[in-house]
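Worksheet for the structure shown next.
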Amino acid sequence: MARAYDVQAVEKKWQHLWSDEHTYEVDADDPRPPKYVLCMYPYPSGPAHQGHVRNYTFGDLLVRHQTMKGNAVLSPFGFDSFGLPAENAAIRTGEHPRSFTDARIAELKESVIALGAVYDWRRELRSHDPSYIRFNQVIFLHLLEAGLAYRAKAPVNWCPGCQTVLANEQVLADGTCERSGDLVTRRDLEQWFFRITAYADELLESLDDLEWPERVKTMQRNWIGRSEGVEFDLKVVGTTGGRDDSAGSGAPVLRVFTTRPDTGFGVTYAVVAPEHPLVDLLTTPAHRKAVDELRARAALASEIERTSSEGAGLAKRGAFTGSYARNPFSGEDVPIYVADYVLMGYGTGAIMAVPAEDERDFAFAQEHGLPIIRTTDPPDGFEGGAWTGGGVKINSGFLDGLDVVDAKDRAMEWIEAEGIGVRKVNYRLRDWLVSRQRYWGCPIPVVYCQSCGIVPVPEDQLPVLAPDDVEFLPGGESPLARHTGFRNTTCPKCAEPAVRDCDTMDTFVDSSWYFLRFCDPWNDRQPFDPAVARHFMPVDQYIGGIEHAILHLLYARFFTKALIDVGLAEGLGREPFRRLFTQGMIRMDGTKMSKSKGNLVAPAKYLDTVGADALRLFHLFVGPPADDVDWSSQTDEVIEGCGHFLDRVWRLTVEVSGLSRPEAPDGKAEPALDHGLSGRPNEALPIWSYDQPAARDVDLLRETHRMVDKVTRDLERWSFNTAVAACMAFANTLQRYLRDSERTGPGGGNGPSGGGERAHRPTYDQAADALLLVLAPMTPHLAAEAWEHRHGAGARVHAQPWPTADPELVRVQTTTLVIQVNGKVRDRIEVDPSITEAGAVELALASPKVMAVLGSAKPSRVVARPPRLVNVVG
RNA sequence: GCCCGGAUGGCGGAAUCGGUAGACGCGGGGGCCUCAAAAGCCCUUGCCCUUCGGGGCGUGCGGGUUCGAGUCCCGCUCCGGGCACCA
């Protein structure tokens with residue numbers, strides 16, 4: 001398509017200038033107020049996709065807007081460059097993950113620059129840089145020393161075919177390995193954990209103060225899953241295991257956790273998880289076979305299978321142990337079952353089962369023919385199974401007649417008074433398992449010594465780097481474990497032979513503190529200088545995808561708190577991201593646009609044709625930033641429409657002013673115009689006047705200020721689509737203004753002559769400049785180029801202060817008073833905005849249209865809301 | 001199953017505090033310019049009826065509150081997302 005200016009040349013020119021002029025490089029001693037705007041650093045998977053474009057368009061808009069408002073905006077960029085795709089590519093093609101990753105980074109970086117997004121590239125960081133690895137390891141050691149990192153056995157997804165551990169996403173829905181197809185089993189391995197649960201309460205409570213989307217906060221609250229209840233003991237009675245323990249040091253007890261102690265009288269059985277340590281003891285010889293089968297099945301099944309739709313809602317799998325427990329409330333002995341719907345990892349791994357008030361217990365009780373005793377009176381007409389709501393207690397001894405809430409309290413008091421249990425808070429949140437049996441990640445800086453045990457690698461020997469000469473074989477162990485040169489080492493303490501930890505860290509570790517490193521990326525003594533980080537932190541605006549709503553954002557919050565507590569981030573605020581914005585997804589045919597779905601529409605196609613500004617404008621204009629974008633058959637046309645708008649701005653701000661070259665002299669020059677407005681190119685039109693502004697010039701000035709006011713307010717409330725609409729509407733205003741000048745002006749030709757209202761040059765210049773100023777953060781290349789044409793070589797629109805609207809000019813002179821009769825609009829009258837209620841009513845009743853509708857009827861009531869509306873009620 | 005979102009013209013969307021529904025754009029129709037096309041410019045465009053003055057209907061569905069509801073309340077339908085045996 002023919003364009004009004006050379007889009008590609010202009011965009012390249014400015015991308016180089018912004019870099020060469022260091023416009024967006026910011027240091028901690030900058031006198032301007034600091035702001036920190038950050039887009040989530042990307043995994044480098046190749047050239048930017050539309051999701052990136054959207055993300056960086058929003059971020060760049062903020063950076064440029066905040067800069068024009070006089071702030072020193074920290075805008076860094078980096079790459080989350082460790083991760084599985086590079087390693088999988090290595091297994092497939094033999095290319096080393098580093099060269100593979102570096103190539104992808106180069107592609108992504110190039111396309112981000114081609115977008116016109118500006119960053120302080122001096123601060124660029126990559127997780128796989130040795131300097132970043134080093135401080136990742138330093139942090140790990142600090143957490144270890146503080147007891148926040150620890151080693152424990154944990155069940156993992158184990159593929160017997162590949163002889164390796166799999167991440168959850170590598171296990172298919174049917175419980176098989178995505179690569180070998182083998183059935184994945186669960187296996188206990190020694191793994192490293194971060195003690196995030198120590199911060200569960202703080203992570204939960206401080207959510208309240210964050211300016212984050214409520215949706216994300218809710219997701220985090222649910223993930224943390226705090227629940228208050230009570231833990232207490234059930235005495236085990238009757239036969240226990242093959243051995244009879246009743247002669248020993250007292251009967252064994254089964255400790256259970258419940259949030260519903262008020263339902264104690266309804267306990268008709270108890271359940272332990274298949275992995276519960278007491279299972280052997282509890283199982284009598286007659287039931288051993290069934291119990292063992294169940295346990296074997298549970299051990300085989302991955303967590304995914306065990307908790308998938310196979311189990312949920314269907315018959316509960318379980319087996320009777322042969323043992324009984326005494327319900328302390330009722331004194332009844334109830335059977336103890338083993339069932340896989342009880343998880344060892346939560347609470348005590350054992351429950352008291354109340355089928356009448358718990359849906360899972362109800363399903364199990366039905367399946368196994370166990371009794372059901374209601375302890376809460378369900379509402380009339382309730383026909384379901386378990387009633388989990390509130391109500392009055394029944395069949396509950398000393399709790400009878402109480403409300404559920406009061407009964408809970410009373411029951412807990414009773415349990416504590418009896419000395420059989422205590423109040424307890426449980427969390428769904430588990431500690432963070434960070435070990436990955438992978439090559440392309442940050443090595444865990446620990447050595448295992450026969451005599452000294454776990455020995456941290458001394459800080460002066462960091463970073464521990466993975467060797468390059470490893471073999472990437474399909475279906476083998478981690479390349480590091482097979483590399484004897486890496487694996488075998490000497491103990492830093494006793495110098496005896498020792499082995500390294502051959503695992504690497506979860507890549508979420510890298511992304512949990514990169515925003516801190518960005519503040520002080522040149523520091524070679526510590527991860528970052530807390531004093532420098534304090535200057536920029538917290539991040540004022542964090543922008544990213546909703547897919548990181550839970551893990552990344554929770555881990556980063558945890559890290560910030562932990563780094564402060566281990567002394568690496570003294571004096572920092574305990575929350576890293578003050579405001580968070582999560583953008584919508586790009587969808588196509590109803591599904592997420594992604595590489596794996598093969599439905600990508602590459603941004604490069606648009607950069608090479610309509611240009612970066614038009615593509616950016618599209619992403620701003622298409623809808624609210626938080627909403628998903630449907631990439632439809634019409635999208636290309638809309639993007640072209642954005643290009644047409646930019647052409648129009650070019651004509652309205654450059655060509656119509658007779659300023660088609662940067663060297664053009666001052667604004668009073670009036671060369672022959674190729675203004676492109678009349679369809680008669682090269683026809684000279686002396687349309688300018690420099691007289692006193694006429695009424696319609698004042699109107700244009702008012703419109704200008706209203707536009708600036710509207711755009712400013714819209715940008716601040718993240719309503720970018722309406723900000724763009726306001727710019728477009730203003731371009732229409734300029735167009736109309738010029739057209740009217742043309743018609744009425746002496747040289748206009750096709751209108752009545754003699755009006756003499758030529759375009760008032762000073763007023764028009766203000767209007768055109770204002771449009772370019774507000775477009776500067778949205779379509780930076782066009783705004784910069786047009787500004788330079790208007791103001792001379794070296795003029796920089798992005799160095800201008802953000803325009804401010806004069807409230808006096810923004811205020812409307814007249815407003816439309818709507819007159820309704822019985823709620824239906826019957827008339828509209830232009831009135832002064834300061835009209836009184838009486839005045840408005842008088843005008844309304846005098847309206848011929850109102851009188852016609854009303855006829856002779858007398859209005860029973862008149863509601864007046866001046867100056868907007870009068871409603872005459874008949 | 002539970003918890004969040006959402007539903008407005010042919011399409012994307014606007015309506016910021018309960019007060020003119022449909023801003024802005026895409027698409028469509030008509031016109032100007034042109035040898036022609038592209039581009040540009042001008043007019044028009046929710047639906048139905050119309051004697052061309054205007055009238056009626058209209059924000060997923062059914063109720064309600066109100067002088068007045070896209071907006072608030074109750075009950076549904078459909079679509080999207082998150083969590084999913086967490087006791």
Side-chain angles (χ1 to χ4, degrees), chain A residues 1-4 213-216 218-219 221-223 225 227 229 256-260 263 271 306-309 311-314 316 339-343 345-354 358-361 363-364 426-430 546-547 549-550 585 587 590 618 621-624 626-630 632-642 644-645 647-648 651 676-681 713-714 717 719 721-722 724-729 731-732 735 739 750 816-825 827-828 859-865 868-874:
Chain A
M1 83 199 245
R3 294 295 297 266
E214 219 36 64
R215 182 160 70 123
V216 175
T218 304
M219 282 162 78
R221 285 191 190 104
N222 292 341
W223 189 262
S227 60
V256 296
F257 173 74
T258 184
T259 57
R260 291 292 305 274
T263 61
V271 187
R306 188 165 147 187
T307 61
S308 73
S309 53
L314 296 178
K316 302 284 183 187
D340 64 3
Y341 81 93
V342 172
L343 307 174
Y346 185 79
T348 60
I351 62 160
M352 58 174 229
V354 189
D358 183 284
E359 277 158 20
R360 299 151 299 182
D361 296 345
F364 189 88
N426 265 325
Y427 301 90
R428 191 184 160 283
L429 180 71
R430 320 277 179 86
I546 187 72
E547 66 271 22
I550 300 175
M585 286 187 309
R587 325 169 123 273
F618 164 76
F621 183 56
V622 67
D627 286 9
D628 289 349
V629 178
D630 277 306
S632 75
S633 52
Q634 265 198 6
T635 299
D636 277 9
E637 283 161 344
V638 179
I639 294 175
E640 289 209 359
C642 290
H644 291 157
F645 168 71
D647 286 339
R648 204 137 87 91
R651 282 183 232 108
L677 290 167
S678 66
R680 282 160 290 138
R713 284 184 296 116
D714 281 354
R717 67 184 178 108
S719 183
N721 53 330
T722 54
V724 173
C727 293
M728 290 175 167
N732 292 341
Q735 185 101 45
R739 188 227 315 165
N750 57 352
T816 309
L817 177 71
V818 172
I819 299 165
Q820 298 180 333
V821 178
N822 293 322
K824 284 187 180 166
V825 178
D827 204 358
R828 298 180 171 94
S860 64
R861 182 180 167 188
V862 179
V863 181
R865 291 285 178 278
R868 307 282 301 262
L869 176 135
V870 174
N871 190 7
V872 181
V873 183

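Residue numbers start from 1 in every chain, and the chains themselves are labelled A, B, ... in the order their sequence lines are given, proteins ahead of strands. All figures in this text were calculated on a predicted structure; none of them were measured in a lab.
- Here the closest non-hydrogen pair linking D361(A) and A353(A) is OD2-CA, 3.3 Å.
- Of the candidate nucleotides rC85(B), rC83(B), rG25(B), rG25(B) has the atom lying nearest to any side-chain atom of M728(A).
- Map S632(A) and T722(A) each onto its nearest nucleotide of RNA chain B; the residue landing nearer the 5' end is S632(A).
- Between the CG atom of D647(A) and the C1' atom of rC41(B) there is a distance of 14 Å, given to the nearest Å.
- Using a 90° window around 0 for the glycosidic torsion, rC17(B) falls inside it and is classed as syn.
- Between R861(A) and rC67(B) there is a side-chain N or O to OP1 or OP2 distance below 4.0 Å.
- No engagement by E214(A) is indicated, since no non-hydrogen atom pair under 4.0 Å with the nucleic acid exists.
- For K824(A) and rC57(B), the shortest distance from a side-chain N or O to OP1 or OP2 is below 4.0 Å.
- Under the Watson-Crick or G-U wobble criterion, with both distances below 3.5 Å, rG40(B) is paired with rC32(B).
- Side-chain proximity of D358(A) to rA23(B), rC85(B), rA87(B): nearest is rA87(B).
- Between the C1' atoms of rC41(B) and rU34(B), the separation comes to 13 Å (whole Å).
- Looking at the side chain of V818(A), the nearest of the listed nucleotides rC67(B), rU20(B), rC42(B) is rU20(B).
- Between Y346(A) and F257(A), the ring planes are perpendicular. Angles over 60° get that label, and only those under 30° would be called parallel.
- Nearest nucleotide to the R587(A) side chain, out of rC24(B), rG80(B), rG12(B): rG80(B).
- The separation of rC67(B) from rG29(B), taken at their P atoms, amounts to 48 Å, rounded to a whole angstrom.
- Nucleotides rG70(B) and rG60(B) have their C1' atoms positioned 12 Å apart, rounded to a whole Å.
- Looking at heavy atoms from C-beta onward, T263(A) lies in side-chain contact with M352(A) at the 4.5 angstrom threshold.
- Applying the 90° criterion around 0 to the glycosidic angle, rG9(B) comes out syn.
- As judged by a 4.0 angstrom heavy-atom cut-off over every strand, N732(A) is placed among residues touching the sugar-phosphate backbone only.
- Across the P atoms, rC76(B) and rG81(B) are found 23 Å apart, a figure rounded to whole Å.
- Closest approach to the D628(A) side chain among rA87(B), rG80(B), rU20(B) is made by rG80(B) (side chain taken as heavy atoms from C-beta onward).
- In this view, Y427(A) and A200(A), D201(A), I224(A), R226(A), V425(A), L429(A) satisfy the side-chain contact (heavy atoms from CB on, under 4.5 Å) rule, not counting sequence neighbours.
- Distance, M585(A) CE to rG81(B) C1': 7 Å, rounded to whole Å.
- Taking every side-chain heavy atom of R428(A) into account, rA84(B) is the closest of rA87(B), rA84(B), rC41(B).
- Among the protein residues, T635(A) comes within range of no part of the nucleic acid, since none of its heavy atoms lies under 4.0 Å from any strand.
- With values rounded to the nearest 0.5 angstrom, I351(A) atom CD1 is found 6.5 Å from D358(A) atom CG.
- Between the CZ atom of F645(A) and the P atom of rA39(B) there is a distance of 18 Å, rounded to whole Å.
- With rG56(B), rA21(B), rC4(B) as the candidates, the nucleotide lying closest to the side chain of V825(A) is rA21(B).
- Distance check: N871(A) CG to N822(A) CG gives 7.0 Å after rounding to the nearest 0.5 Å.
- Summarising the geometry, the separation between CG on N222(A) and C1' on rG81(B) is reported as 13 Å, rounded to the nearest angstrom.
- Side-chain N/O atoms of N721(A) include one lying less than 4.0 angstrom from OP1 or OP2 on rA14(B).
- With hydrogens and angles ignored, the 3.5 Å screen pairs no side-chain donor or acceptor of N426(A) with any backbone N or O of S227(A).
- Which of rU16(B), rC41(B), rA87(B) sits closest to the side chain of Q735(A) comes down to rC41(B).
- On the P atoms, rG28(B) is 22 Å away from rC33(B), given to the nearest whole Å.
- Comparing Q634(A) and V863(A) by the nucleotide of RNA chain B that holds the closest heavy atom to each, the one mapping nearer the 5' end is Q634(A).
- In a base pair of the Watson-Crick type (N1 to N3 plus N6-O4 or O6-N4) or a G-U wobble (N1-O2 and O6-N3), with each distance short of 3.5 Å, rG5(B) is matched with rC79(B).
- rA14(B) atom P lies 9 Å from atom CZ of R717(A), rounded to whole Å.
- Residues passing the side-chain contact (heavy atoms from CB on, under 4.5 Å) test with V622(A), sequence neighbours excluded: R54(A), F618(A), V629(A).
- Side-chain proximity of N871(A) to rC24(B), rG25(B), rG68(B): nearest is rG68(B).
- At whole-Å resolution of the value, CG in N426(A) and P in rA87(B) are 8 Å apart.
- Between R651(A) atom CZ and rC41(B) atom C1' there is a gap of 10 Å when expressed in whole angstrom units.
- Separating the P atom of rU71(B) from that of rG53(B) is a span of 35 Å, rounded to the nearest Å.
- Not a single donor-acceptor pair, N or O on each side, falls under 3.5 Å between the base of rG19(B) and the side chain of R868(A).
- Both distances falling under 3.5 Å, in either a Watson-Crick or a G-U wobble arrangement, occur for no nucleotide opposite rA14(B).
- For rG53(B), the O4'-C1' to base torsion is within 90° of 0; the nucleotide is therefore syn.
- Contact of the R717(A) side chain with the T722(A) side chain is registered, since non-hydrogen atoms from C-beta on lie closer than 4.5 Å.
- Backbone-only contact: R648(A) has heavy atoms under 4.0 Å from sugar-phosphate atoms and none from a base.
- Nucleotides rC83(B) and rA15(B) place their P atoms 31 Å apart, quoted to the nearest Å.
- Taking atom P in both rC3(B) and rG68(B), one finds a spacing of 34 Å when rounded to whole Å.
- Closest contact between the side chain of F621(A) and the listed nucleotides rG19(B), rG25(B), rC42(B) involves rG25(B).
- Residue E637(A) contributes atom CD, which lies 11 Å from atom P of rA39(B) at whole-angstrom precision.
- Between Q820(A) and the phosphate of rU20(B), there is no side-chain N or O to OP1/OP2 separation shorter than 4.0 Å.
- Note on T816(A): a base of the nucleic acid sits closer than 4.0 angstrom, heavy atoms only.
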